[in-house]
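These notes concern the structure reproduced below.
Excluded from the calculations below are hydrogen atoms, water molecules and symmetry mates; all remaining heavy atoms, backbone and side chain alike, are included. Just so it is clear: chains get the letters A, B, ... in the order the sequence lines come, proteins before strands, and each one is counted from 1.
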Number of protein chains: 2
Amino acid sequence: MDKPQPGHLKNAGLKSTVPRIRILELFELGQERHMSAEDVYKHLLASGDDVGLATVYRVLTQFEQAGLLTRHNFEGGKSVFELNQGKHHDHIVCLQCGHVEEFYDAAIESRQEKIAAERGFAVHDHSLHIYADCTKKKCPYK
Amino acid sequence: MDKPQPGHLKNAGLKSTVPRIRILELFELGQERHMSAEDVYKHLLASGDDVGLATVYRVLTQFEQAGLLTRHNFEGGKSVFELNQGKHHDHIVCLQCGHVEEFYDAAIESRQEKIAAERGFAVHDHSLHIYADCTKKKCPYK
DNA sequence: TTGCAAATGAGAACTATTATCATTTGCTAT
DNA sequence: ATAGCAAATGATAATAGTTCTCATTTGCAA
(Lines give C-alpha, C1' and ligand atoms only; values in the text may rest on other atoms or scores of the structure.)
Protein backbone atom coordinates (compact mmCIF):
# COMPACT_ATOMS: atom_id res chain seq x y z
CA MET A 1 0.00 0.00 0.00
CA ASP A 2 0.99 3.56 -0.57
CA LYS A 3 -1.63 5.56 1.23
CA PRO A 4 -0.95 8.17 3.89
CA GLN A 5 -0.27 6.64 7.27
CA PRO A 6 -2.80 7.53 9.90
CA GLY A 7 0.14 7.11 12.24
CA HIS A 8 0.61 10.85 12.02
CA LEU A 9 -2.76 11.27 13.61
CA LYS A 10 -2.24 8.77 16.41
CA ASN A 11 1.16 10.21 17.18
CA ALA A 12 -0.48 13.58 17.49
CA GLY A 13 -2.97 12.19 19.96
CA LEU A 14 -5.86 12.38 17.51
CA LYS A 15 -8.30 9.57 16.79
CA SER A 16 -8.22 8.34 13.20
CA THR A 17 -11.52 9.47 11.84
CA VAL A 18 -12.65 9.71 8.26
CA PRO A 19 -12.62 13.52 8.03
CA ARG A 20 -9.18 13.78 9.59
CA ILE A 21 -7.70 11.18 7.28
CA ARG A 22 -9.20 12.84 4.21
CA ILE A 23 -7.94 16.27 5.16
CA LEU A 24 -4.46 15.03 5.91
CA GLU A 25 -4.43 13.18 2.59
CA LEU A 26 -5.41 16.34 0.81
CA PHE A 27 -2.41 18.19 2.18
CA GLU A 28 0.00 15.28 1.75
CA LEU A 29 -1.06 14.13 -1.68
CA GLY A 30 -2.92 17.06 -3.18
CA GLN A 31 -1.46 19.50 -5.63
CA GLU A 32 -2.22 22.66 -3.68
CA ARG A 33 0.17 23.50 -0.93
CA HIS A 34 -1.66 26.48 0.61
CA MET A 35 -5.36 26.06 1.32
CA SER A 36 -7.98 27.95 3.27
CA ALA A 37 -10.74 26.15 5.16
CA GLU A 38 -13.08 26.88 2.30
CA ASP A 39 -10.59 25.46 -0.20
CA VAL A 40 -10.30 22.24 1.79
CA TYR A 41 -14.06 21.98 2.14
CA LYS A 42 -14.61 22.36 -1.59
CA HIS A 43 -11.95 19.82 -2.46
CA LEU A 44 -13.50 17.28 -0.14
CA LEU A 45 -16.98 17.83 -1.51
CA ALA A 46 -15.62 17.51 -5.04
CA SER A 47 -14.04 14.20 -4.04
CA GLY A 48 -17.41 12.94 -2.92
CA ASP A 49 -16.61 13.12 0.78
CA ASP A 50 -19.45 14.21 2.98
CA VAL A 51 -17.90 16.46 5.60
CA GLY A 52 -19.27 19.55 7.27
CA LEU A 53 -17.58 22.90 7.08
CA ALA A 54 -17.49 23.09 10.87
CA THR A 55 -15.51 19.88 10.97
CA VAL A 56 -13.03 21.25 8.47
CA TYR A 57 -12.42 24.27 10.69
CA ARG A 58 -12.13 22.11 13.79
CA VAL A 59 -9.72 19.67 12.18
CA LEU A 60 -7.52 22.37 10.70
CA THR A 61 -7.20 24.00 14.10
CA GLN A 62 -6.41 20.65 15.73
CA PHE A 63 -3.80 19.90 13.09
CA GLU A 64 -2.25 23.27 13.68
CA GLN A 65 -2.09 22.68 17.41
CA ALA A 66 -0.65 19.22 16.81
CA GLY A 67 2.05 20.75 14.64
CA LEU A 68 0.94 18.99 11.47
CA LEU A 69 -0.08 22.22 9.73
CA THR A 70 1.03 25.82 9.91
CA ARG A 71 -1.52 28.62 9.80
CA HIS A 72 -0.84 31.86 7.97
CA ASN A 73 -2.88 35.02 8.40
CA PHE A 74 -2.43 36.68 5.05
CA GLU A 75 -4.21 39.84 4.03
CA GLY A 76 -7.73 39.22 2.85
CA GLY A 77 -9.08 38.03 6.12
CA LYS A 78 -8.91 34.28 5.70
CA SER A 79 -6.45 31.88 7.27
CA VAL A 80 -4.38 29.69 4.97
CA PHE A 81 -2.82 26.40 6.02
CA GLU A 82 0.12 24.43 4.73
CA LEU A 83 1.77 21.16 5.65
CA ASN A 84 4.45 21.67 8.25
CA GLN A 85 7.48 19.98 6.83
CA GLY A 86 10.01 21.22 9.30
CA LYS A 87 11.80 23.79 7.24
CA HIS A 88 10.82 27.35 8.04
CA HIS A 89 10.22 29.79 5.21
CA ASP A 90 8.53 33.09 4.50
CA HIS A 91 6.06 34.06 1.78
CA ILE A 92 5.53 36.36 -1.14
CA VAL A 93 1.86 36.76 -1.97
CA CYS A 94 0.67 38.11 -5.32
CA LEU A 95 -1.98 40.75 -4.73
CA GLN A 96 -3.47 40.13 -8.16
CA CYS A 97 -3.93 36.38 -8.24
CA GLY A 98 -3.25 35.27 -4.68
CA HIS A 99 -0.41 33.04 -5.82
CA VAL A 100 1.93 32.23 -2.95
CA GLU A 101 5.65 31.69 -3.36
CA GLU A 102 7.98 30.58 -0.59
CA PHE A 103 11.46 31.79 0.18
CA TYR A 104 14.12 31.52 2.82
CA ASP A 105 16.86 34.03 3.38
CA ALA A 106 19.56 33.38 5.94
CA ALA A 107 20.54 37.04 6.08
CA ILE A 108 17.03 38.12 7.04
CA GLU A 109 16.73 35.36 9.59
CA SER A 110 19.93 36.28 11.35
CA ARG A 111 19.19 40.00 11.31
CA GLN A 112 15.90 39.27 13.02
CA GLU A 113 17.62 37.30 15.74
CA LYS A 114 20.10 40.06 16.27
CA ILE A 115 17.50 42.83 16.36
CA ALA A 116 15.38 40.94 18.88
CA ALA A 117 18.37 40.10 21.06
CA GLU A 118 19.53 43.72 21.09
CA ARG A 119 16.16 44.75 22.47
CA GLY A 120 15.96 42.00 25.04
CA PHE A 121 13.54 39.66 23.30
CA ALA A 122 13.82 35.91 22.84
CA VAL A 123 12.34 35.14 19.42
CA HIS A 124 9.58 32.63 19.49
CA ASP A 125 8.54 32.79 15.91
CA HIS A 126 7.90 35.36 13.24
CA SER A 127 5.91 36.02 10.11
CA LEU A 128 7.20 37.84 7.09
CA HIS A 129 4.84 38.38 4.19
CA ILE A 130 5.78 40.34 1.13
CA TYR A 131 2.74 41.54 -0.81
CA ALA A 132 3.53 42.18 -4.42
CA ASP A 133 2.41 41.97 -8.01
CA CYS A 134 3.69 39.31 -10.35
CA THR A 135 5.58 41.03 -13.11
CA LYS A 136 5.99 37.80 -15.00
CA LYS A 137 3.62 35.88 -17.20
CA LYS A 138 2.83 33.47 -14.39
CA CYS A 139 0.04 35.64 -13.02
CA PRO A 140 -3.17 34.72 -14.81
CA TYR A 141 -5.04 37.77 -13.61
CA LYS A 142 -3.04 40.45 -15.32
CA MET B 1 -4.11 78.28 17.34
CA ASP B 2 -2.59 74.88 17.78
CA LYS B 3 -5.13 72.49 16.37
CA PRO B 4 -4.48 69.88 13.67
CA GLN B 5 -4.44 71.38 10.22
CA PRO B 6 -7.14 70.11 7.92
CA GLY B 7 -4.59 70.79 5.23
CA HIS B 8 -3.57 67.17 5.51
CA LEU B 9 -7.01 66.24 4.32
CA LYS B 10 -7.18 68.67 1.44
CA ASN B 11 -3.73 67.68 0.28
CA ALA B 12 -4.91 64.10 0.25
CA GLY B 13 -7.84 65.06 -1.94
CA LEU B 14 -10.35 64.57 0.85
CA LYS B 15 -13.03 67.07 1.79
CA SER B 16 -12.68 68.42 5.32
CA THR B 17 -15.62 66.93 7.11
CA VAL B 18 -16.28 66.67 10.81
CA PRO B 19 -15.73 62.90 11.12
CA ARG B 20 -12.49 63.05 9.16
CA ILE B 21 -11.11 65.90 11.23
CA ARG B 22 -12.01 64.17 14.49
CA ILE B 23 -10.42 60.89 13.47
CA LEU B 24 -7.24 62.54 12.27
CA GLU B 25 -7.06 64.51 15.53
CA LEU B 26 -7.40 61.32 17.49
CA PHE B 27 -4.35 59.83 15.80
CA GLU B 28 -2.32 63.04 15.86
CA LEU B 29 -3.09 64.16 19.37
CA GLY B 30 -4.33 61.05 21.12
CA GLN B 31 -2.25 58.93 23.45
CA GLU B 32 -2.77 55.59 21.68
CA ARG B 33 -0.61 54.92 18.69
CA HIS B 34 -2.24 51.70 17.44
CA MET B 35 -6.03 51.64 17.19
CA SER B 36 -8.63 49.38 15.61
CA ALA B 37 -11.81 50.73 14.02
CA GLU B 38 -13.68 49.80 17.16
CA ASP B 39 -11.12 51.63 19.31
CA VAL B 40 -11.51 54.78 17.23
CA TYR B 41 -15.29 54.53 17.32
CA LYS B 42 -15.34 54.23 21.11
CA HIS B 43 -12.96 57.11 21.60
CA LEU B 44 -15.11 59.35 19.43
CA LEU B 45 -18.31 58.39 21.21
CA ALA B 46 -16.60 59.00 24.55
CA SER B 47 -15.60 62.45 23.29
CA GLY B 48 -19.21 63.24 22.55
CA ASP B 49 -18.84 63.02 18.79
CA ASP B 50 -21.75 61.50 16.97
CA VAL B 51 -20.21 59.36 14.23
CA GLY B 52 -21.35 56.08 12.80
CA LEU B 53 -19.22 52.97 12.84
CA ALA B 54 -19.55 52.67 9.07
CA THR B 55 -18.06 56.12 8.69
CA VAL B 56 -15.14 55.18 10.89
CA TYR B 57 -14.39 52.18 8.68
CA ARG B 58 -14.75 54.27 5.54
CA VAL B 59 -12.54 57.05 6.79
CA LEU B 60 -9.84 54.70 8.05
CA THR B 61 -9.69 53.02 4.68
CA GLN B 62 -9.55 56.35 2.90
CA PHE B 63 -6.78 57.55 5.17
CA GLU B 64 -4.87 54.40 4.49
CA GLN B 65 -5.25 54.87 0.74
CA ALA B 66 -4.24 58.49 1.09
CA GLY B 67 -1.13 57.43 2.95
CA LEU B 68 -2.09 59.15 6.19
CA LEU B 69 -2.44 55.90 8.11
CA THR B 70 -0.88 52.47 7.90
CA ARG B 71 -2.97 49.33 8.40
CA HIS B 72 -1.62 46.31 10.21
CA ASN B 73 -3.22 42.89 10.08
CA PHE B 74 -2.12 41.43 13.36
CA GLU B 75 -3.25 38.05 14.54
CA GLY B 76 -6.67 38.13 16.10
CA GLY B 77 -8.59 39.10 13.02
CA LYS B 78 -8.92 42.83 13.42
CA SER B 79 -7.05 45.53 11.55
CA VAL B 80 -5.05 48.05 13.54
CA PHE B 81 -4.10 51.49 12.24
CA GLU B 82 -1.32 53.88 13.11
CA LEU B 83 -0.29 57.31 11.93
CA ASN B 84 2.05 57.12 8.99
CA GLN B 85 4.90 59.37 9.90
CA GLY B 86 6.99 58.62 6.92
CA LYS B 87 9.32 56.12 8.41
CA HIS B 88 8.40 52.54 7.70
CA HIS B 89 9.05 50.06 10.48
CA ASP B 90 8.27 46.52 11.52
CA HIS B 91 7.09 45.16 14.85
CA ILE B 92 8.20 42.90 17.65
CA VAL B 93 5.26 41.70 19.72
CA CYS B 94 5.76 40.24 23.19
CA LEU B 95 3.78 37.02 23.51
CA GLN B 96 3.55 37.46 27.28
CA CYS B 97 2.32 41.00 27.65
CA GLY B 98 1.37 42.06 24.13
CA HIS B 99 3.78 44.96 24.23
CA VAL B 100 4.64 46.19 20.74
CA GLU B 101 8.05 47.56 19.90
CA GLU B 102 8.95 49.06 16.54
CA PHE B 103 12.14 48.60 14.60
CA TYR B 104 13.63 49.31 11.21
CA ASP B 105 16.47 47.44 9.60
CA ALA B 106 17.84 48.58 6.28
CA ALA B 107 19.51 45.23 5.63
CA ILE B 108 16.21 43.36 5.92
CA GLU B 109 14.43 45.90 3.76
CA SER B 110 16.91 45.63 0.94
CA ARG B 111 17.09 41.84 1.10
CA GLN B 112 13.32 41.76 0.67
CA GLU B 113 13.45 43.94 -2.39
CA LYS B 114 16.15 41.79 -3.86
CA ILE B 115 14.37 38.51 -3.15
CA ALA B 116 11.13 39.76 -4.68
CA ALA B 117 12.86 41.17 -7.74
CA GLU B 118 14.72 37.90 -8.33
CA ARG B 119 11.42 36.10 -8.48
CA GLY B 120 9.69 38.60 -10.70
CA PHE B 121 7.57 40.40 -8.15
CA ALA B 122 7.12 44.15 -7.70
CA VAL B 123 6.86 44.72 -3.95
CA HIS B 124 3.77 46.53 -2.91
CA ASP B 125 4.20 46.32 0.79
CA HIS B 126 5.16 43.82 3.44
CA SER B 127 4.58 42.88 7.03
CA LEU B 128 7.17 41.49 9.37
CA HIS B 129 6.11 40.58 12.87
CA ILE B 130 8.49 38.97 15.30
CA TYR B 131 6.70 37.20 18.11
CA ALA B 132 8.91 36.88 21.15
CA ASP B 133 9.21 36.95 24.92
CA CYS B 134 10.65 39.90 26.76
CA THR B 135 13.76 38.70 28.56
CA LYS B 136 14.12 42.00 30.36
CA LYS B 137 12.33 43.43 33.36
CA LYS B 138 10.15 45.55 31.12
CA CYS B 139 7.55 42.82 30.71
CA PRO B 140 5.05 43.15 33.55
CA TYR B 141 3.55 39.73 32.94
CA LYS B 142 6.55 37.59 33.73
C1' DT C 1 -28.07 81.69 -0.51
C1' DT C 2 -28.77 78.02 -3.34
C1' DG C 3 -27.68 73.66 -5.62
C1' DC C 4 -25.64 69.44 -5.97
C1' DA C 5 -22.20 66.07 -5.62
C1' DA C 6 -19.94 64.01 -1.91
C1' DA C 7 -20.24 62.30 2.74
C1' DT C 8 -22.76 60.48 6.50
C1' DG C 9 -25.47 57.36 9.77
C1' DA C 10 -28.45 53.51 10.66
C1' DG C 11 -29.00 49.27 9.85
C1' DA C 12 -29.02 45.31 6.60
C1' DA C 13 -25.91 42.19 4.48
C1' DC C 14 -21.74 39.56 4.05
C1' DT C 15 -17.63 36.76 5.17
C1' DA C 16 -14.88 34.05 8.06
C1' DT C 17 -15.05 31.53 12.03
C1' DT C 18 -16.80 29.46 16.39
C1' DA C 19 -20.40 27.46 19.45
C1' DT C 20 -24.36 24.41 20.26
C1' DC C 21 -26.37 20.10 20.34
C1' DA C 22 -28.54 15.97 18.76
C1' DT C 23 -26.73 12.04 16.16
C1' DT C 24 -23.03 9.04 14.61
C1' DT C 25 -18.57 6.76 14.90
C1' DG C 26 -14.18 4.68 16.53
C1' DC C 27 -12.26 1.95 19.95
C1' DT C 28 -12.16 -0.94 24.19
C1' DA C 29 -13.41 -4.44 27.04
C1' DT C 30 -15.91 -8.02 26.82
C1' DA D 1 -17.95 -10.04 16.71
C1' DT D 2 -20.54 -6.83 19.99
C1' DA D 3 -22.21 -3.56 23.33
C1' DG D 4 -21.16 0.73 25.58
C1' DC D 5 -19.52 5.25 25.76
C1' DA D 6 -16.73 9.02 25.16
C1' DA D 7 -15.18 11.52 21.36
C1' DA D 8 -16.18 13.33 16.85
C1' DT D 9 -19.31 14.89 13.50
C1' DG D 10 -22.74 17.71 10.72
C1' DA D 11 -26.37 21.05 10.50
C1' DT D 12 -27.27 25.17 11.86
C1' DA D 13 -27.34 29.20 14.93
C1' DA D 14 -24.43 32.64 16.63
C1' DT D 15 -20.62 35.89 16.62
C1' DA D 16 -17.08 39.26 15.06
C1' DG D 17 -15.34 42.25 11.85
C1' DT D 18 -16.24 44.68 7.99
C1' DT D 19 -18.71 46.36 3.84
C1' DC D 20 -22.92 47.74 1.42
C1' DT D 21 -27.36 50.33 0.72
C1' DC D 22 -29.85 54.22 0.67
C1' DA D 23 -32.36 58.07 2.48
C1' DT D 24 -30.73 62.30 4.66
C1' DT D 25 -27.25 65.78 5.61
C1' DT D 26 -23.22 68.59 4.71
C1' DG D 27 -19.32 71.13 2.52
C1' DC D 28 -18.25 74.18 -0.75
C1' DA D 29 -18.43 76.65 -5.19
C1' DA D 30 -21.14 79.73 -7.98
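Residues B:R71 and B:E82 are not paired through a salt bridge, judged by the lack of any N-O separation under 4.0 Å between the basic side chain and the carboxylate. Salt bridge annotation for A:E109-A:K114: absent, with no cationic side-chain nitrogen under 4.0 angstrom from a carboxylate oxygen.
For A:R58 and D:dA8, the shortest distance from a side-chain N or O to OP1 or OP2 is not below 4.0 Å. Contact annotation: A:S36 side-chain N/O to C:dA16 OP1/OP2 distance is not under 4.0 Å. Of the side-chain N and O atoms in B:K78, one or more sit less than 4.0 angstrom from OP1 or OP2 of D:dG17. For the OP1/OP2 pair of C:dT25 and a distance below 4.0 Å, the side-chain nitrogens and oxygens of A:T17 include no atom meeting the criterion.
If you measure from atom CG of A:L24 to atom P of D:dA8, you get 16 Å, rounded to the nearest angstrom. Rounded to an integer number of Å, the gap from B:E38 CD to D:dT18 C1' is 11 Å. In this entry the distance linking CG of A:N73 with P of C:dA16 reads 14 Å, nearest Å. Rounding to whole angstrom units, CE of residue B:M35 and P of D:dG17 are separated by 17 Å. One can place OH of B:Y57 at 12 Å from P of D:dA16, the figure rounded to the nearest angstrom. If you measure from atom CG of B:L60 to atom C1' of C:dT8, you get 15 Å, rounded to the nearest angstrom. B:Y41 places its OH atom 14 Å from the C1' atom of D:dG17, with the value rounded to the nearest Å. Atom pair A:K15:NZ and C:dT24:C1' shows a separation of 11 Å (rounding to whole Å applied).
Nearest nucleotide to the side chain of B:D50, out of C:dA10, C:dT18, C:dT17: C:dA10. Comparing C:dT8, D:dA8, D:dT18 by their closest approach to the side chain of A:R20 singles out D:dA8. Which of D:dT9, C:dA19, C:dA10 sits closest to the side chain of A:A54 comes down to C:dA19.
Donor-acceptor pairing under 3.5 Å is lacking for the side chains of B:T61 and B:R58. Under the 3.5 Å distance criterion, with hydrogens and angles disregarded, a donor-acceptor pair is assigned to the side chains of A:H34 and A:H91. No side-chain donor from either of B:H129 and A:H129 sits under 3.5 Å from a side-chain acceptor of the other.
Heavy-atom nearest nucleotides on DNA chain D were determined for A:P19 and for B:T61, and the one closer to the 5' end corresponds to A:P19. Place A:V80 and B:G52 on DNA chain C by their nearest nucleotides, and B:G52 ends up nearer the 5' end.
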